[in-house]
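In this text the structure is predicted, and so the values were computed from the model without any measurement.
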Amino acid sequence: MFTLPDLPFDYKALEPYIDEETMHIHHDKHHAGYIKNLNDVLAGHDDLLGMDINDLLKNLDKVPDEVRQKVKNNGGGHANHSLFWTIMVAGSAKEPSGNLLGAIKSSFGDFPTFKEKFSASALGHFGSGWAWLVSNSGKLEVVDTSNQDSPLTDGKTPLLLLDVWEHAYYLKYKNVRADYIAAWWNVVNWVEVDKRFQSLSH
């Protein structure tokens with residue numbers, strides 16, 4: 001059975017950038033809902049219920065055809081949000097350092113250019129979805145996905161992600177996604193993103 005992970009911070013820890021009420025609804029309602037739906041749709045499939053969620057998304061071909069799309073949707077919702085909570089923190093550094101910064105510069109020229117490209121991907125995505133920094137066979141890329149799709153399904157390793165579903169920001173920012181994106185950069189947990197990057201070489 002899949003379970004809802006605790007937030008690694010207090011619900012109000014990310015204010016004023018992400019408000020307490022949004023965090024309660026986002027984590028306790030939306031994320032919990034994906035997990036309930038995933039467990040329900042996989043009832044009786046104990047082998048799949050026992051898999052790591054990331055491994056499940058990498059191996060959707062093992063999921064019966066009749067429930068595969070629901071597993072992709074709800075499993076993606078669980079995996080994406082589980083990662084999303086870990087890459088945010090109060091009082092974060094404003095940019096990465098060390099090897100991660102070097103890799104970003106190598107792939108995008110400099111950090112401001114990467115930040116601009118990532119923000120443009122998040123802002124330009126039509127409808128609900130996510131913006132990502134991923135490793136694709138060792139090369140860093142900015143991509144976006146629709147709904148709860150995960151780059152894991154395409155063989156890419158997520159390093160950083162931003163939820164651009166309206167439930168992630170509408171209470172505070174209404175329909176102004178650009179303001180939400182600009183504010184979110186203040187809570188990126190670059191230490192955690194760097195850990196994910198470093199793990200690629202192991």
- Message: Walk me through whether L38 and V71 qualify under side-chain contact (heavy atoms from CB on, under 4.5 Å).
- Response: CA-CA 6 Å; L38 181 61; V71 169; 4.1 Å; yes
- Rounded to the nearest 0.5 angstrom, the OG-CD1 distance for S119 and I181 is 6.0 Å
- Query: Are L14 and V176 connected in the hydrophobic side-chain network, where two residues link if heavy atoms are under 4.5 Å apart?
  - Reply: no
- F114 vs F111 aromatic rings, parallel, tilted or perpendicular, using cut-offs 30° and 60°? tilted
- Rounded to the nearest 0.5 Å, what's the gap from NE2 on H45 to CG on L56? Could you check? 11.5 Å
- Task: Count the heavy atoms belonging to other residues, nucleotides or ligands that lie under 6.0 Å from NZ of K29, then report whether that count exceeds 12.
- Result: no
- Message: Show, in sequence, the C-alpha distance, side-chain angles and deciding distance for L162 and W185, and conclude whether the side-chain contact (heavy atoms from CB on, under 4.5 Å) test is met.
- Response: CA-CA 10 Å; L162 175 58; W185 287 108; over 6 Å; no
- Query: Counting only heavy atoms not in K105, do more than 12 fall under 6.0 Å of its NZ?
  - Reply: no
- Task: Report whether L171 and Y180 are members of the same hydrophobic cluster (ILVMFWY, side-chain heavy atoms less than 4.5 Å apart, transitive linking).
- Result: no
- Around K172, counting heavy atoms of other residues, nucleotides and ligands shown, do more than 12 lie under 6.0 Å from its NZ? yes
- Task: Check whether L57 and L161 end up in the same hydrophobic cluster, where Ile, Leu, Val, Met, Phe, Trp and Tyr are linked by side-chain heavy atoms less than 4.5 Å apart.
- Result: no
- Query: Does the side chain of P96 reach to within under 4.5 Å of the side chain of I104, using non-hydrogen atoms?
  - Reply: yes
- For the pair R177 and H125, evaluate side-chain contact (heavy atoms from CB on, under 4.5 Å) and give the outcome as yes or no after the intermediate values. CA-CA 10 Å; R177 186 188 287 184; H125 181 83; 4.0 Å; yes
- Query: Side-chain contact, heavy-atom cut-off 4.5 Å: K70 with N37?
  - Reply: no
- Query: Between the side chains of W130 and Q148, does any donor sit under 3.5 Å from an acceptor?
  - Reply: yes
- Please examine the side chains of V41 and N74, heavy atoms only from C-beta on, and report whether any two atoms are closer than 4.5 Å. no
- From R68 CZ over to L60 CG, what is the distance, rounded to the nearest 0.5 angstrom? 7.0 Å
- Do H167 and H26 come within less than 4.5 Å of each other through their side chains, counting heavy atoms only? yes
- Task: Run the numbers on K195 and E192 for side-chain contact (heavy atoms from CB on, under 4.5 Å), then give the verdict.
- Result: CA-CA 5 Å; K195 285 180 183 176; E192 182 62 31; 3.8 Å; yes
- Task: Please check if the distance between the ring centroids of Y173 and W184 is under 6.0 Å.
- Result: no
- Do the side-chain N and O atoms of W132 and T145 include a donor-acceptor pair separated by under 3.5 angstrom? yes
- Task: Say whether, by atom type as modelled, one donor and one acceptor occur between the side chain of R196 and the main chain of P158 under 3.5 angstrom.
- Result: yes
- Message: Regarding W85 and H31, do their side chains bring together a donor and an acceptor under 3.5 Å, going by distance alone?
- Response: yes
- Over all atoms of both residues, closest heavy-atom pair of I53 and A79: CG1-CB, 3.8 Å
- Identify the heavy atoms of S97 and D194 that sit nearest to each other, and give their distance. O-OD1, 4.2 Å
- Query: Got P151 and E141 here, is their nearest side-chain heavy-atom distance under 4.5 Å?
  - Reply: no
- Would you check if the side chain of S92 reaches a backbone N or O of V188 as a donor-acceptor pair within less than 3.5 Å? yes
- Item | Under 3.5 Å side-chain donor-acceptor pair for D149 and S146 | no
- Got a donor-acceptor contact below 3.5 angstrom from the H30 side chain to the G33 backbone? no
- Going by heavy atoms in the side chains, are K156 and V143 under 4.5 Å from each other? yes
- Note on the structure: So NZ of K62 and CG of L48: to nearest 0.5 Å the spacing works out to 9.0 Å
- How many angstroms lie between atom CD1 of I18 and atom CG of D163, to the nearest 0.5 angstrom? 9.0 Å
- Return the minimal non-hydrogen interatomic distance between S150 and N80, and the atom names on each side. CB-OD1, 3.8 Å
- Task: Using a 4.5 Å cut-off on heavy atoms from C-beta on, say whether the side chain of D61 contacts that of N59.
- Result: yes
- Query: If you count the non-hydrogen atoms of other residues, nucleotides and ligands that lie under 6.0 Å from CD in E20, is the total more than 12?
  - Reply: yes
- Rounded to the nearest 0.5 angstrom, the NZ-CG distance for K36 and L4 is 14.0 Å
- If you look at every heavy atom in A90 and A13, which pair is closest and at what distance? CB-O, 3.4 Å
- Query: Quick check: are there more than 12 heavy atoms from other residues, nucleotides or ligands sitting under 6.0 Å from CG of D52?
  - Reply: yes
- Query: Does one hydrophobic cluster hold both I25 and L7, with members joined at side-chain heavy-atom distances below 4.5 Å?
  - Reply: no
- In terms of ring plane angle, is the pair H27 and Y11 parallel, tilted or perpendicular, where the classes change at 30° and 60°? perpendicular
- Query: If two hydrophobic side chains count as joined below 4.5 Å and joins carry through other members, does V164 share a cluster with F118?
  - Reply: yes
- Query: Of L101, L160, I87, which is the lone residue that meets side-chain contact (heavy atoms from CB on, under 4.5 Å) with W190?
  - Reply: L160
- Message: Quick one, N39 and L49 - any side-chain contact, counting heavy atoms below 4.5 Å?
- Response: yes
